[in-house]
Amino acid sequence: MLNTHKELKLYYSIAEAAQLVGVSKSMLRFWEKEFPQLHPKKTGRGVRQYTKEDIETLKLIHHLVKEEGMTTSGANRRLKANKTDTLRHFEMVQRLKAVRGELVEMMRALDAFTYEDVDKLKSEVGKLQEPLTPPCGPLP
């Protein structure tokens with residue numbers, strides 16, 4: 001049986017890697033030449049096999065080049081000079097994007113509420129706050 005669960009995969013094809021990063025296969029080949037940090041394993045037939053670490057490096061390169069607008073040489077210098085800080089900054093940006101996405105979803109959910117929904121919710125909460133008495137009367 002083939003393992004198709006992405007988190008359990010050891011290697012990704014160039015097509016899968018390109019899809020995960022959001023660039024073309026030719027862009028990955030170009031970046032492979034420009035960035036010595038990127039070195040996917042190649043089979044005897046020359047088929048590239050990307051590891052999770054390679055995918056993370058590709059995402060970092062994508063962030064520097066496509067999102068921050070750096071040149072490939074500038075991004076390369078940044079990675080060589082201080083990859084740890086660059087990676088930390090990238091992870092922080094990713095977390096902030098995730099939080100922003102959650103907040104946008106919350107806003108959409110709140111916008112979907114009508115005044116009638118709010119009034120109904122208030123009355124249901126009010127019913128829950130009333131003291132409960134047992135069906136046979138108060139306890140002695």
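Numbers here are sequence positions counted from 1.
Checking side-chain atoms of Asp111 against main-chain N and O of Arg108 turns up no donor-acceptor pair under 3.5 Å. With hydrogens and angles ignored, the 3.5 Å screen pairs a side-chain donor or acceptor of Glu16 with a backbone N or O of Ser13.
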>> With side-chain contact (heavy atoms from CB on, under 4.5 Å) as the criterion, how do Leu79 and Leu64 come out once you've worked through the C-alpha distance, each side chain's angles and the decisive distance to 0.1 Å?
In response: CA-CA 9 Å; Leu79 287 174; Leu64 293 173; 4.0 Å; yes
> Please walk me through it: do Glu34 and Arg29 pass side-chain contact (heavy atoms from CB on, under 4.5 Å)?
Replying inline: CA-CA 9 Å; Glu34 296 294 315; Arg29 289 186 206 99; over 6 Å; no
>> Assess the residue pair Met70 and Arg77 against the criterion (side-chain contact (heavy atoms from CB on, under 4.5 Å)); give the C-alpha distance rounded to whole Å, side-chain angles, the decisive distance to 0.1 Å, and a yes or no.
In response: CA-CA 10 Å; Met70 298 180 81; Arg77 280 194 303 274; over 6 Å; no
>> Evaluate Lys59 against Gln94 for side-chain contact (heavy atoms from CB on, under 4.5 Å), listing each step before the verdict.
In response: CA-CA 10 Å; Lys59 287 179 180 179; Gln94 294 304 104; over 6 Å; no
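A donor-acceptor pair shorter than 3.5 Å cannot be found between the side chains of Asp54 and Thr57.
Note: the hydrophobic cluster containing Phe30 also contains Tyr50 (ILVMFWY, side chain heavy atoms under 4.5 Å, direct or indirect links). Two different hydrophobic clusters hold Leu28 and Tyr11 under the rule that ILVMFWY side chains link at heavy-atom gaps under 4.5 Å. By the rule that hydrophobic residues join a cluster once side-chain heavy atoms approach within less than 4.5 Å of another member, Met106 and Val99 end up as members of one cluster.
Atom-to-atom distance recorded for Glu32:CD and Leu58:CG is 9.0 Å, nearest 0.5 angstrom. Considering CG of Leu10 and CD of Gln49, their distance stands at 9.5 Å, rounded to 0.5 Å. A distance of 9.0 Å separates NZ in Lys42 from CD1 in Ile14, rounded to the nearest 0.5 Å. If you take CZ on Phe90 and CZ on Arg95, they are separated by 11.0 Å, rounding to the nearest 0.5 Å. Rounding to the nearest 0.5 Å places CE of Met27 at 9.5 Å from OG1 of Thr72.
Taking both residues in full, the closest heavy atoms of Ala18 and Ser24 are given as CB-C, 3.9 Å, listed atom of the first, atom of the second, then distance. Taking each heavy atom of Arg48 and Pro40 in turn, the nearest pair found is CG-CG, 4.3 Å.
Under a 4.0 Å N-O distance rule, the pair Glu105/Arg100 does not qualify as a salt bridge. Using a cutoff of 4.0 Å between basic side-chain nitrogens and carboxylate oxygens, Arg78 and Glu68 are scored as salt-bridged. A salt bridge between Lys97 and Glu67 is present, with a side-chain N of the basic residue lying under 4.0 Å from a carboxylate O of the acidic one. Using a cut-off of 4.0 Å between Lys/Arg side-chain N and Asp/Glu carboxylate O, Asp85 and Arg88 are scored as salt-bridged.
The aromatic rings of Trp31 and His62 stand perpendicular to each other, their planes meeting at an angle above 60°, with 30° marking the opposite boundary.
Side chains of Leu60 and Gln37 form no contact here, defined as non-hydrogen atoms less than 4.5 Å apart. You'll find the side chain of Lys52 stays beyond 4.5 Å of the side chain of Lys9, heavy atoms only. Counting only heavy atoms from C-beta outward, the side chains of Thr51 and Lys41 never approach each other to under 4.5 Å.
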